[in-house]
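Given the structure is predicted, the values throughout are model-derived calculations rather than measurements. Heavy-atom basis, side chains included; hydrogens, waters and symmetry copies ignored.
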Amino acid sequence: QVQLVESGGGLVQPGGSLRLSCAASGFTFSVYTLSWYRQAPGKQRELVASINRDSSTDYDDSVKGRFTISRDNAKNTVLLEMNSLKPEDTAVYYCRTKISWRVYWGQGTQVTVSS
């Protein structure tokens, strides 16, 4: 029943912005850490940002100052605001949570940064 559904990806020029959304269902959203990961072709999937139940956050150094993760527990939604986008941000972005030692992933949304 656990579902994570990402949306908001697309094509954007360098320096542009996008907002990604993750709609969650099937679990008690407010008590779990939610994360955004990304995976570029030929590369390992990497952690981008996480937000905990107390709304504390962690970011990869590559996105600090440019991306902002937030959560709306009333809407069971996690957002990733992406600003000052660079070509190296191009990847499939995934929403993730871990419940009782099991990892759950969304289907991913493509972000392409290109001129």
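To the nearest 0.5 Å, atoms CZ (Arg45) and CZ (Arg96) are separated by 10.5 Å.
Contact detail for Leu34 and Cys95: the closest heavy-atom pair is CD1-SG, 4.1 Å. In this structure, Glu6 and Trp36 approach most closely via the heavy-atom pair CG-CZ3, 3.7 Å. Residues Ala40 and Ala91 share a closest heavy-atom pair of N-CB, 3.8 Å.
Within the 3.5 Å criterion, the main-chain N or O of Gln13 finds no donor-acceptor partner in the side chain of Ser114. Using modelled atom types, no side-chain atom of Asn52 and backbone atom of Asp54 make a donor-acceptor pair closer than 3.5 Å. Within the 3.5 Å criterion, the main-chain N or O of Val113 finds a donor-acceptor partner in the side chain of Thr90.
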*Where do Asp89 and Arg66 land on the side chain to side chain contact (heavy atoms under 4.5 Å, CB included) test, with the steps shown first?*
CA-CA 11 Å; Asp89 295 318; Arg66 300 189 298 120; 2.8 Å; yes
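Cation-pi geometry between Arg71 and Tyr32 is not met: the NZ or CZ atom fails to fall both under 6.0 Å from the ring centre and inside 45° of the normal.
In the hydrophobic cluster analysis, where Ile, Leu, Val, Met, Phe, Trp and Tyr join through side-chain heavy atoms closer than 4.5 angstrom, Ile69 is grouped apart from Val92. The cluster map of Ile, Leu, Val, Met, Phe, Trp and Tyr, joined by side-chain heavy atoms under 4.5 Å apart, puts Tyr94 and Leu18 in different clusters. Val111 and Tyr59 fall within a single hydrophobic cluster, where Ile, Leu, Val, Met, Phe, Trp and Tyr side chains are chained together by heavy-atom contacts under 4.5 Å.
Using the six-membered ring where Trp is involved, Tyr93 and Phe67 have ring planes that are tilted, between 30° and 60° apart.
More than 12 non-hydrogen atoms from other residues, nucleotides or ligands lie less than 6.0 angstrom from CD of Glu81. Few gaps surround CD on Glu88; more than 12 heavy atoms of other groups in view lie less than 6.0 Å from it.
Of the listed residues (Thr68, Thr57, Thr33), just one forms a side-chain contact (heavy atoms from CB on, under 4.5 Å) with Ile51, and that residue is Thr57.
In this structure, Lys64 pairs ionically with Asp61, as a charged nitrogen and a carboxylate oxygen lie closer than 4.0 Å.
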